[in-house]
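Take a look at the structure set out below.
Values in this document were obtained by computation on a predicted structure and should not be read as measured data. Both ligands and their constituent atoms are indexed starting at 1 by order of listing.
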Amino acid sequence: MDLSKVKWGIIGCGKIAHKFASDLALIDDAELTAVASRSLQKGIEFAQKHNSTKAYGSYDELFLDKDVEIIYITTPHTSHAELSIKGLEHGKHVLCEKPLALNKKEANKIIETSQRTNRFFMEALWTRFNPSFVEAKKRIDDGEIGQVKYINADFSFISEFSLEDRITNINLGGGAILDIGIYPAFLTYVLLGIPKQILAKSIFHKTAKSDMQTSMIFHYEDAQAILYSSFMSKSDMIARISGTKGQIYLNNTWHNTQSYTLVKNNKEQVFDLPITGIGYSHEILECHNCLRANTIESELWSHQNSLDMISILDTIRKEVSLKYPNE
Ligand SMILES: NC(=O)c1ccc[n+]([C@@H]2O[C@H](COP(=O)([O-])OP(=O)(O)OC[C@H]3O[C@@H](n4cnc5c(N)ncnc54)[C@H](OP(=O)(O)O)[C@@H]3O)[C@@H](O)[C@H]2O)c1
């Protein structure tokens, strides 16, 4: 492998792809080699905006491009597994947007393919690499706030989506759980592990049938978390982690925060840790580290972590009786 630059390809030229590409441009040893859209014109416009060497009018052409080393997949959830597997089978390393798949069954196939082809695969759970999150987690792991007993986190905003929008469209894996509920679920899983029991309730879109708001309780032997995700209401987007000796708050907007607050012994300290760019650069650097270390998974967000995460999401969906048409 040429160690001078890591050669990236992007599949799907939607909203998040633009943000990711602008962060990729900040990384010295990254090159945007090719982008692929279902529309060549859209691909060309994206390539011009983000200085991509090549643009394709189909995803298959990008898979066949010998120059591309790693592919970032940023299409609706329903195509994540198929495209990730295709990429890996074509010898590419893959960074795939969250959730890595619609369900555990699909996710298993991706991980099996990564292992069989010996190609790197990571789910793009960018919060795991956020500098404040990493430092706060270390303090928690080191026991600075004692034993974690309670977590309160959410991800919510008010938005009017059309029925066709991937966020609402049940045929594209739409709904709050998979799109944004994954963040508070991720936080709780990373700090407390797989819950013993999950309780959840959803409010569904009357026409689209996807969940617009879901509240969850994660119950552990000795701890609990109250979590919620919504497209119907707003919250302060602060994650609160409460231990026997203190609290840590991941400040607004917690999943991409630039600071955290430690409350201990009647003292409050704020730690500022700026993100680079929009915040995606940290996961990009992790991919580079893994490729250079010749490993097929990240230690910070491993294959097993992704499988656990999707199992938790499967359980939440089972609790609220949400099944996707193509399952
Ligand atoms: N990490 C984060 O912060 C973050 C934030 C938002 C979203 N996401 C994840 O990123 C993925 C994409 O989200 P997004 O907000 O960027 O979505 P988006 O704006 O709708 O873009 C998705 C792109 O996927 C392609 N696509 C392929 N098949 C499609 C279909 N049947 N219908 C619609 N689009 C299709 C399209 O690209 P072409 O037309 O170019 O082929 C489209 O522009 C989702 O899985 C989401 O969970 C992550």
Side-chain angles (χ1 to χ4, degrees), residues 9-24 34-50 52 55-63 71-84 86-87 94-103 106-107 110 122-130 133 155 157 159 161-186 210-211 229 231 237 253-257 275 277-284 286-287 301 306 309-310 313 324-326:
I10 294 180
I11 298 258
C13 296
K15 282 196 277 305
I16 194 68
H18 280 284
K19 293 185 180 180
F20 182 89
S22 72
D23 267 10
L24 196 65
V35 298
S37 169
R38 295 163 304 165
S39 142
L40 180 58
Q41 188 51 36
K42 190 176 166 189
I44 289 171
E45 282 165 20
F46 189 100
Q48 281 168 349
K49 185 169 176 195
H50 297 288
S52 168
Y56 295 117
S58 77
Y59 300 161
D60 281 344
E61 286 172 274
L62 193 147
F63 290 130
I71 294 176
Y72 171 56
I73 293 169
T74 179
T75 56
H77 321 329
T78 36
S79 53
H80 286 179
E82 186 193 333
L83 295 172
S84 293
K86 243 186 186 175
V94 171
L95 172 69
C96 177
E97 259 312 330
K98 37 59 58 178
L100 80 162
L102 217 50
N103 52 41
E106 287 187 356
I110 303 174
M122 189 173 88
E123 180 184 22
L125 245 163
W126 60 320
T127 305
R128 182 65 188 90
F129 311 100
N130 171 280
F133 175 80
F155 196 131
F157 55 94
S159 195
F161 298 109
S162 78
L163 289 182
E164 287 73 42
D165 197 300
R166 69 153 193 91
I167 282 193
T168 327
N169 189 339
I170 200 150
N171 295 312
L172 296 177
I177 298 171
L178 293 193
D179 208 68
I180 52 180
I182 185 170
Y183 286 101
F186 150 83
S210 48
D211 71 300
S229 54
F231 298 134
M237 297 282 285
T253 307
W254 77 263
H255 72 285
N256 186 31
T257 186
I275 51 173
I278 302 172
Y280 299 102
S281 44
H282 307 287
E283 68 181 2
I284 296 169
E286 176 67 3
C287 292
W301 192 245
S306 284
M309 190 73 255
I310 195 75
L313 298 174
Y324 288 107
N326 19 11

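In this structure, Phe186 has its ring center under 6.0 Å from that of Phe133.
Judged as a side chain to side chain donor-acceptor pair (under 3.5 Å), and not counting sequence neighbours, Trp254 has no contacts. Looking at residues two or more places apart in sequence or on another chain, you find no salt bridge (charged side-chain N to carboxylate O under 4.0 Å, His left out) involving Lys42.
By the 4.5 Å heavy-atom criterion applied to side chains, Cys287 and Met122 are counted as neighbours.
The protein residues lying under 4.0 angstrom from ligand 1, judged by non-hydrogen atoms, are Gly12, Cys13, Gly14, Lys15, Ile16, Ser37, Arg38, Lys42, Tyr59, Thr74, Thr75, Pro76, His77, His80, Glu97, Lys98, Trp126, Arg166, Leu172, Asp179, Tyr183, Tyr280.
Panel note: side chain His80, backbone Thr75; a donor-acceptor pair is recorded below 3.5 Å.
Applying the salt bridge (Lys or Arg N to Asp or Glu O under 4.0 Å) definition to pairs two or more places apart or across chains, those involving residues 162-177 are Arg166-Asp179.
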